[in-house]
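Below you'll find the structure, written out as structure tokens, and then a few comments.
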Amino acid sequence: MNGEPRGTALERRVAEGPWESLRPGEDIQYLHRVPGEPIAALLRYQPGARVPAHRHTGTEFVQILTGSQRDAAGVYRAGSFTVNRPGTSHELVSDEGCTVLIVWQSPVVFL
């Protein structure tokens with residue numbers, strides 16, 4: 001050992017990837033992706049990133065790991081946990097950038 005802290009497996013995954021581009025300003029790292037099953041992923045938003053208005057077709061769970069994001073209902077900072085139910089819609093902005101752990105039952109529909 002070289003005496004440097006190793007960090008948790010999640011911290012290493014966030015720092016090292018593998019990340020792939022999802023949309024401008026948004027990267028994704030799939031943790032679980034099997035057809036017909038819920039998808040689990042890390043999402044990394046660059047400062048100022050926006051997710052256009054979309055409707056949830058299934059339940060979505062979001063844990064904010066770092067930074068913050070906001071929608072019309074408020075600002076969600078590191079440590080926040082939200083549940084977006086089927087049929088709800090919103091758009092997101094991450095003013096400072098953020099990393100989230102997300103699990104969604106089915107894809108969203110962009111409006």
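- Separation of atoms CD1 (Ile64) and OG1 (Thr99) is listed at 9.5 Å; rounding is to 0.5 Å.
- Between the side chain of Glu11 and the backbone N or O of Thr8, at least one donor-acceptor pair lies under 3.5 Å.
- Closest approach of Thr66 and Cys98 over heavy atoms only: O-CB, 3.0 Å.
- The backbone N or O of Pro107 sits less than 3.5 Å from a side-chain atom of Thr57, completing a donor-acceptor pair.
- Across all non-hydrogen atoms, the minimal contact from Ala78 to Leu65 is CB-O, 3.6 Å.
- In this model, no donor atom of one side chain and acceptor atom of the other lie less than 3.5 Å apart for Glu91 and His54.
- Residues Arg85 and His56 share a closest heavy-atom pair of O-CB, 3.7 Å.
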Handout entry: Stepwise side chain to side chain contact (heavy atoms under 4.5 Å, CB included) test for Val14 and Leu42
Key = CA-CA 8 Å; Val14 168; Leu42 295 171; 3.9 Å; yes

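- Using modelled atom types, one finds no donor on one side chain facing an acceptor on the other under 3.5 Å when comparing Tyr45 with Asp27.
- Cluster membership check: Ile28 does not share its hydrophobic cluster with Phe61, using side-chain heavy-atom separations under 4.5 Å among Ile, Leu, Val, Met, Phe, Trp and Tyr.
- Nearest heavy atoms, His90 versus Asp71: ND1-OD2, 2.9 Å.
- Between Tyr30 and Ile39 the shortest side-chain heavy-atom distance falls below 4.5 Å.
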Practice task
Mind running side chain to side chain contact (heavy atoms under 4.5 Å, CB included) on His32 and Glu37 for me, showing each step along the way?
Solution key: CA-CA 9 Å; His32 180 80; Glu37 295 184 11; 2.7 Å; yes

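- Leu101 has its side chain within reach of Leu31: a pair of non-hydrogen atoms, C-beta onward, lies under 4.5 Å apart.
- Side-chain heavy atoms closer than 4.5 Å link hydrophobic residues (I, L, V, M, F, W, Y) into clusters, and following such links, possibly through other members, connects Ile102 to Phe110.
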Practice task
Any chance you could lay out the side chain to side chain contact (heavy atoms under 4.5 Å, CB included) test for Val108 and Arg55, step after step, and finish with the verdict?
Solution key: CA-CA 6 Å; Val108 299; Arg55 185 177 67 250; over 6 Å; no

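- One N or O on the side chain of Ser106 and one on the backbone of Gly58 form a donor-acceptor pair closer than 3.5 Å.
- By the 4.5 Å heavy-atom criterion applied to side chains, Glu26 and Arg44 are not counted as neighbours.
- Put simply, the side chain of Asp95 does not reach to within 4.5 Å of the side chain of Ser68, judged on heavy atoms.
- Cluster membership check: Leu43 shares its hydrophobic cluster with Val62, using side-chain heavy-atom separations under 4.5 Å among Ile, Leu, Val, Met, Phe, Trp and Tyr.
- Applying the ring-ring contact (aromatic ring centres under 6.0 Å, His included) rule to Phe81 yields no partners; only residues at least two apart in sequence or on another chain are considered.
- For the pair Arg23 and Val51, the minimum side-chain heavy-atom distance is below 4.5 Å.
- When every heavy atom of Gly25 is checked against every heavy atom of Ala49, the shortest pair comes out as O-CB, 3.4 Å.
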Practice task
Carefully, step by step, assess Glu60 and Val83 under the rule side chain to side chain contact (heavy atoms under 4.5 Å, CB included).
Solution key: CA-CA 6 Å; Glu60 176 184 87; Val83 178; over 6 Å; no

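- Under the 4.5 Å side-chain criterion, counting only non-hydrogen atoms from C-beta, Leu111 is not in contact with Pro52.
- Between Gln69 atom CD and Arg50 atom CZ the span is 13.0 Å, to the nearest 0.5 Å.
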